[in-house]
Asker: 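The structure that follows is given in the form of structure tokens.
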Amino acid sequence: MCMESTTVRIASRRALRRGLSALRRGDPDTAERWLAEALAHADDNAEAWHYRAIAAHQRGANDNASAWFDHAATLAPARPDFTLDRALYLLETGNPKAALSIADEAAHDPAHAERAALIGAEALLTSGSRSAAAERLRRFLQRHPRAPAARMRLYEVLEELGEDDAALDVLQEAIAQDPNDATFGPLLATALRRTGCHDEADMHSRRLAASPRSPAIAWFELAVAAAQRGNAREALEYAREALQRDRNLGNAWLLVAELSDSPAEIEAALPNANTATMQFARARVLDRTARYPEAWEVYGKANELAARELGNYIPEQQTAYVDDLITHLDAACVEKLQVDKEPAGPAPVFICGVSRSGTTLVEQMLAAHPSGRVQAGGEMRTVHKLLRRKIGAENLMNTGSSLASLPSSTLRELIAEWRRNLGNFGDNDNFITDKMPSNAFLLGLIHAAFPSAPIILVERDPSALACSCFTTPFAEGHAFSHRLEDIAHYFSQFRRIAMHWEALLPPGAVIHLRYETLLAAPEDAMKPVLDALGLNWDKDILAFHHRREPIATASLAQVRTPLNQAAGERWLRFETQLAPWSDRLHRAYWHAEPGNGLRESDASAYRPGT
């Protein structure tokens, strides 16, 4: 009898191991069969019940999952790992409150405390309590400072909240513990670079590159820094150092494919990895070696992969966002936002437009003015961070209604803080540019905060612009760029909001600047902008490509060369592929694609600047 019992237990454990192996492979159906067999041999096997519940959840059989989780907890009530798996199940099935309660039960076990803190934080985030989630992770890190997963999640949550200084502190605490940390070191360098602290960022990257670990990402960070300063040779050297340490670092291949003088040689060396960055690198090599039909096909594949990796564009969501802005930020609301007194400090100049329309070029030309009165601020995220703090990241898609519902005192605080932030950038007689493309959606708020600030709307031929978006490997925030259909939809929503603001703001508040005119007749194109700043045209503006201040946008390579017509004609190499979309792109970009919430008469009455 004893031998028979032992044989049964061995058979149960064997079936359990095979079930767990199937679960790890992502095969819950096979896992279910093996776990059922394990229980047929020994129905008091708590592990088999527990992992059978996980398999059932993965198969969508959540009624069985709930019952089996409960049964496993009855058989093994003192298993914190089981408790946390169950909490995660509750979180994934839409019960964050219960998940939080159960996670708290396991939080006292040292071996599982970090996972409990993470699941509890995710439960709070799911409930919309971002600040509470951040506080929970902060408290955990005070007790367990060397918990990398919790630290990373706290950093991410603080960024979502727009609390950049606090997020930076979280990274610096990690580096204080280990100056050569290969995870947080590169992140700190990136964060510092984003805030304009380029020298400090370089110092961290160089120290990490010189460390015994010498991770590839540290060398890549140095390559990015060199590219942003316009030093292509140095950028290539650092990128190659990165690739010696990690041959599959897609972003390093992207940089090499863009900057190398021998793109054909790069093609032979490229790994055959099926990732978005690697396929963009391959497409760029094909593009630079004039194999345009093949390049377009690979750009398409790269965008498909990017959509899977970064997320799809949701047209209905973008339309709803613009609807909300138009409905709630009307003339009465814009008037409510107005603040009489002009702020002290440098005067902002807002340069906006769809990404890749030429906003970086306009900024760099202004910053090259020999008066030295224009400072390039780049893509300043100040107002977007403030909005996250004032209305909550979860409400950003309802920015219009959220702003309209704020008390006047809160709105004044937002604008005052925005003004104070800009006041740190220099003298009162100077200008600071903000070229965040998405500012186009917030022009009413911008005009209320800075009534005298010039607003420059940079516009470009829609086919050329769509081509540039489609062939650019954006890191984030450009989900629309992965499909031409989505690009057309985004264009229509961009034009809708532009038309809305121009109807509300004083005549002439928005200066239209055509990219094609800028290339062909730069003095004529820049005159209205320079007039608004009280500056005269000077030929030194055309020497913008000699500037060595860092440029942290997708245009960092293009603005290191002089103005030339070829830049505006690059899209013609893909004219055949774009031809079926040309009419739709033009109707969307210039006329907001009638039918998307506009009357035909509204769209046809609009005359874009030339």
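Nothing here was measured: the structure is a model prediction, and the numbers come from that model.
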Asker: Strictly distance-based, threshold 3.5 Å: is any side-chain N or O of Asp434 a donor or acceptor partner for the main-chain N or O of Met436?
Answerer: yes
Asker: What is the ring orientation for Tyr589 with Phe494, classed by angle as parallel under 30°, tilted 30 to 60°, or perpendicular over 60°?
Answerer: parallel
Asker: State plainly whether the residues Glu459 and Arg495 are in salt-bridge range, i.e. N to O under 4.0 Å.
Answerer: yes
Asker: Can Arg460 be said to sit on top of Tyr515's aromatic six-ring, NZ or CZ under 6.0 Å from centre and within 45° of the ring axis?
Answerer: yes
Asker: Do Tyr313 and His478 pair up side chain to side chain, a donor and an acceptor below 3.5 Å, judged on atom types alone?
Answerer: no
Asker: Would you check if the side chain of His591 reaches a backbone N or O of Ser492 as a donor-acceptor pair within less than 3.5 Å?
Answerer: no
Asker: Verify, without hydrogens or angle tests, whether Glu114 (side chain) and Ala149 (backbone) share a donor-acceptor contact under 3.5 angstrom.
Answerer: yes
Asker: Between the side chain of Asn398 and the main-chain N/O of Ser401, is any donor-acceptor distance below 3.5 Å?
Answerer: no
Asker: For residues His328 and Thr399, determine if any side-chain heavy atom of one lies less than 4.5 Å from a side-chain heavy atom of the other.
Answerer: no
Asker: Which of these passes salt bridge (charged side-chain N to carboxylate O under 4.0 Å, His left out) with Glu267: Arg282, Arg288, Arg291?
Answerer: Arg291
Asker: In plain terms, say whether Glu163 and Arg138 are close enough for a salt bridge, that is, a side-chain N and a carboxylate O under 4.0 Å apart.
Answerer: yes
Asker: Applying ring-ring contact (aromatic ring centres under 6.0 Å, His included), can you list everything that pairs with Phe470, at least two apart in sequence or on another chain?
Answerer: Trp296
Asker: Charged N to carboxylate O under 4.0 angstrom, Arg573 versus Asp287?
Answerer: yes
Asker: Determine, for Asp164 against Arg381, whether the closest basic-nitrogen to carboxylate-oxygen distance falls under 4.0 angstrom.
Answerer: no
Asker: Which residue, Tyr321, Trp501, Phe350, forms the ring-ring contact (aromatic ring centres under 6.0 Å, His included) with Phe441?
Answerer: Tyr321
Asker: For Tyr89 and Ser66, does a side-chain donor sit closer than 3.5 Å to a side-chain acceptor?
Answerer: yes
Asker: Listing request: all salt bridge (charged side-chain N to carboxylate O under 4.0 Å, His left out) pairs with a residue in residues 295-314, at least two apart in sequence or in separate chains.
Answerer: none
